[in-house]
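Here's the structure we're looking at; comments come further down.
For this chain, numbers begin at 1 and follow the sequence in order.
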Amino acid sequence: MLALMDNFPSHVVAYRAQGKVNGEEYKEIVVQRIAEVAKAYPQINFIVLLETGFEDYNLQALLEYIKVSFEHFSKWNRMAIVSDQQWVRKIYDILSPLVHGEIRTYRLEDRQRASEWVSAPLPT
């Protein structure tokens, strides 16, 4: 299940993932929100609260994730990945130098710090 999170600036895409995630849900919720922010701002800040694992994303959801990541590749500014799964955080730590923008990983207990970091104003 996916849900957008409230109380973030309008240049931030913020969502929570719990349980199973399918491609249609990802497309309707996350991809749509990314498109809205990409249209309105030159850059995108992004936070995902993973209260589930990537193993709970079906193949279509993972493909939608990859597709939207590349579609807006040059627009990513700050990306916060919040998860208690160490392997997920490690993968994003490894990928960080390879992607546009900055990726930081956080444990679930540090989600307030992640929210504050990703909520920073966009550079001018």
Side-chain angles (χ1 to χ4, degrees):
M1 179 183 96
L2 296 176
L4 294 177
M5 294 189 295
D6 297 329
N7 300 321
F8 284 90
S10 57
H11 66 279
V12 176
V13 174
Y15 79 95
R16 167 183 274 140
Q18 298 173 309
K20 301 289 182 189
V21 177
N22 68 56
E24 282 303 312
E25 179 180 43
Y26 193 87
K27 193 173 185 176
E28 290 174 10
I29 295 172
V30 179
V31 173
Q32 180 178 331
R33 176 70 181 132
I34 290 171
E36 291 169 1
V37 174
K39 185 177 179 180
Y41 295 95
Q43 294 182 307
I44 304 166
N45 285 3
F46 179 89
I47 183 170
V48 57
L49 183 60
L50 286 172
E51 295 176 318
T52 190
F54 270 118
E55 65 274 8
D56 289 322
Y57 279 62
N58 74 10
L59 180 59
Q60 184 185 3
L62 289 173
L63 292 175
E64 290 293 339
Y65 169 79
I66 292 167
K67 180 180 164 186
V68 77
S69 295
F70 282 107
E71 183 178 343
H72 300 290
F73 184 78
S74 65
K75 287 197 156 218
W76 300 116
N77 180 48
R78 290 184 173 195
M79 292 166 273
I81 311 302
V82 185
S83 172
D84 276 346
Q85 292 190 347
Q86 183 177 359
W87 70 271
V88 170
R89 293 192 316 271
K90 189 66 173 168
I91 288 172
Y92 278 100
D93 288 340
I94 291 168
L95 290 175
S96 183
L98 305 174
V99 300
H100 193 272
E102 182 179 359
I103 298 175
R104 290 189 185 177
T105 61
Y106 299 86
R107 293 180 175 276
L108 289 175
E109 66 191 35
D110 297 321
R111 67 193 204 197
Q112 183 60 38
R113 276 191 21 228
S115 296
E116 291 168 6
W117 178 74
V118 83
S119 294
L122 292 173
T124 54

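For CD of Gln86, the number of neighbouring non-hydrogen atoms (other residues, nucleotides, ligands) closer than 6.0 Å is 12 at most. Other residues, nucleotides and ligands contribute at most 12 non-hydrogen atoms within 6.0 Å of the NZ atom of Lys27.
Both Val68 and Val37 belong to a common hydrophobic cluster when Ile, Leu, Val, Met, Phe, Trp and Tyr are linked at side-chain heavy-atom distances under 4.5 angstrom. Met79 and Tyr26 fall within a single hydrophobic cluster, where Ile, Leu, Val, Met, Phe, Trp and Tyr are joined by side-chain heavy atoms under 4.5 Å apart, directly or via other members. The hydrophobic cluster containing Leu49 does not contain Ile91, counting ILVMFWY residues as joined when their side-chain heavy atoms lie under 4.5 angstrom apart, directly or transitively. Taking hydrophobic clusters as Ile, Leu, Val, Met, Phe, Trp and Tyr residues chained together by side-chain heavy-atom distances below 4.5 Å, Met1 does not share a cluster with Leu4. No chain of hydrophobic side-chain contacts below 4.5 Å, direct or via other Ile, Leu, Val, Met, Phe, Trp or Tyr residues, connects Val48 to Phe8.
Two residues are said to be in side-chain contact when any heavy atoms from C-beta on lie closer than 4.5 Å; Leu50 and Gln85 fail this criterion. Taking the side chain as every heavy atom from C-beta outward, Leu2 and Val30 approach each other to under 4.5 Å. Looking at heavy atoms from C-beta onward, Arg111 lies out of side-chain contact with Met5 at the 4.5 angstrom threshold. Counting heavy atoms from C-beta on, the side chains of Gln43 and His11 never come closer than 4.5 Å. Considering only heavy atoms from C-beta on, Phe46 stays 4.5 Å or farther from Ile103 through its side chain.
Panel note: side chain Asn45, backbone Asn77; no donor-acceptor pair is recorded below 3.5 Å. At distances below 3.5 Å, not a single donor-acceptor pair connects side-chain atoms of Lys75 with backbone N or O atoms of Lys39. Although no hydrogens or angles enter the test, the distance criterion places a donor-acceptor pair under 3.5 Å between the side chain of Arg33 and the main chain of Val12.
Of all heavy-atom pairs spanning Gln32 and Glu28, the tightest one is OE1-O, 3.1 Å. Heavy atoms only, all atoms of each residue included: Glu51 and Gln18 are closest at OE1-NE2, 2.7 Å. In terms of heavy atoms, Thr52 sits closest to Gly19 at OG1-O, 2.9 Å. Between Asp84 and Arg89, the shortest heavy-atom distance links the atoms C-NH1, 3.4 Å.
Atom CD1 of Ile47 and atom CZ of Arg104 lie 12.0 Å apart (nearest 0.5 Å). For the atom pair Arg113 CZ and Arg107 CZ, the distance stands at 11.0 Å (nearest 0.5 Å).
Taking the six-membered ring for Trp and thresholds of 30 and 60 degrees, Tyr106 and Trp117 have ring planes inclined between 30 and 60 degrees apart.
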